[in-house]
2 protein chains.
Amino acid sequence: MEHRIERIKKQLHAESYKLTPQREATVRVLLEREEDHLSAEDIYLLVKEKAPEIGLATVYRTLELLSELKIVDKINFGDGVSRYDLRKEGAAHFHHHLVCMECGTVEEIVEDLLEDVEKKVENQWQFQVKDHRLTFHGICRKCQQNNNEAN
Amino acid sequence: MEHRIERIKKQLHAESYKLTPQREATVRVLLEREEDHLSAEDIYLLVKEKAPEIGLATVYRTLELLSELKIVDKINFGDGVSRYDLRKEGAAHFHHHLVCMECGTVEEIVEDLLEDVEKKVENQWQFQVKDHRLTFHGICRKCQQNNNEAN
DNA sequence: TGGTTATTGATAATCATTTACACTTGATAA
DNA sequence: TTATCAAGTGTAAATGATTATCAATAACCA
């Protein structure tokens, strides 16, 4: 954890931003809840536990900054809110998501499944791929089991 | 065009909705501007040319309805607005997008590039895929050329 | 025809996100 | 050390997309 904080601190410094206490508190929340896909509001409430005087606007500003630096990815699953997801350490690409249409849980696929597809896109469409977003919508394992039992 | 309107009319009837003049005007705009990725506001302005008395709320309601019936897909490229995209006739899956990070244009890939990837997801993650969203971010052909010339 | 229901348009309400602005902080130079 | 300055912050107000409300209208059916 501390190691990753250090890393992010350096990334900020490289662009001449500081890791202020508010920013650090926000990053810590993101690290602690790495598996979740938190909204700005969620993050705000969690950061408030560590740093009660923080303002919502600061959280938004921090998330925006982290987003620009590609430390987090801003995602949107179609409900009205943006969610923020830490990039895996050293990952060049955004990871994929499996969104269950029944229970709403979001699983992650860290492995990059798109290498072949990207090559195809670069060759056939002459489009130079820098990043991607891939989300599958469907039924997760648990809901499949529940459905089977119900029948 | 008329053929596709008929089709959509049937799809609505099948769920006991009607193709009102307002809904038809909205669908016509979507058909005419199929290549674009219009926001609700954009669509509203275009529909107003055909049916000046239409209200913005009706356009939203229509788009919501068409979305539920999977006649259109609601997409979000990260700017603050939802965009609406007609499904290609008979397409089981949402088509893919190439978003240029420099000029912002959005190209479409109709071909399904994900068949193999979906099989992998179903097998390895036991996730039953119903649909997907795939967007590539990068540099389009035109901007690549411009960049080369500039050097 | 009258009665019921779905649909609509205008408008107000909501809610996530941004902006404005005055205040704080922390670094730097005199 | 103290004055200065820019970056960063908190509060509150503003914005802008979307949704809800509600009275009026249109379509349908007995």
Side chains of E111(B) and Q124(A): does their closest heavy-atom pair fall under 4.5 Å? yes
Within the 4.0 Å heavy-atom criterion, would you say E41(B) contacts the bases, only the backbone, or no part of the nucleic acid? nothing
Watson-Crick/G-U partner (both atom distances under 3.5 Å) of dA30(C): dT1(D)
Whole-Å distance, I54(B) CD1 to dT25(D) C1', equals 15 Å
Does S82(B) make a side-chain N or O approach to OP1 or OP2 of dT18(D) shorter than 4.0 Å? yes
From CG of N76(A) across to C1' of dC15(C) the rounded distance in Å is 15 Å
Can you tell me the distance, in whole Å, between the OH atom of Y17(B) and the P atom of dT7(C)? 7 Å
Rounding to an integer number of Å, can you tell me how far D79(A) CG sits from dT19(D) P? 12 Å
Nearest whole Å is fine: how far is dG8(D) C1' from E53(A) CD? 13 Å
Answer yes or no: is there a donor N or O on one side and an acceptor on the other, between the side chain of D42(A) and the main chain of S39(A), under 3.5 Å? yes
Judged by nearest nucleotide, the residue sitting upstream toward the 5' end of DNA chain C, K48(B) or R83(A), is K48(B)
Which pairs, protein N/O on one side and nucleotides 18-20 of chain C N/O on the other, fall under 3.5 Å?
none

N/O (side chain, T20(B)) to phosphate O (OP1/OP2, dA6(C)) under 4.0 Å: no
Taking NE2 from H13(B) and C1' from dA27(D), how many angstroms apart are they, rounded to a whole number? 11 Å
Of all residues at least two apart in sequence or in a different chain, which pass the ring-ring contact (aromatic ring centres under 6.0 Å, His included) check with F94(B)? H97(B)
For a quick test of reading the model: is some side-chain N or O of T58(B) closer than 4.0 Å to OP1 or OP2 of dG9(C)? yes
So does E24(A) pair up with R28(A), basic N to acidic O under 4.0 Å? yes
T26(A) and T58(A), any side-chain heavy atoms less than 4.5 Å apart: no
First encountered from the 5' end of DNA chain C, between Y44(B) and A40(A): Y44(B)
Between P of dA27(D) and NZ of K18(B), the distance in whole Å: 8 Å
Does Q22(A) have a side-chain nitrogen or oxygen under 4.0 Å from the phosphate oxygens OP1 or OP2 of dT25(C)? no
Donor-acceptor pair, Q144(A) side chain versus Q126(B) backbone, under 3.5 Å? yes
How long is the line joining CZ of R23(A) and C1' of dT25(C), in whole Å? 13 Å
Under 30°, 30 to 60°, or over 60°: which ring-plane class applies to F136(B) and H132(A), parallel, tilted or perpendicular? perpendicular
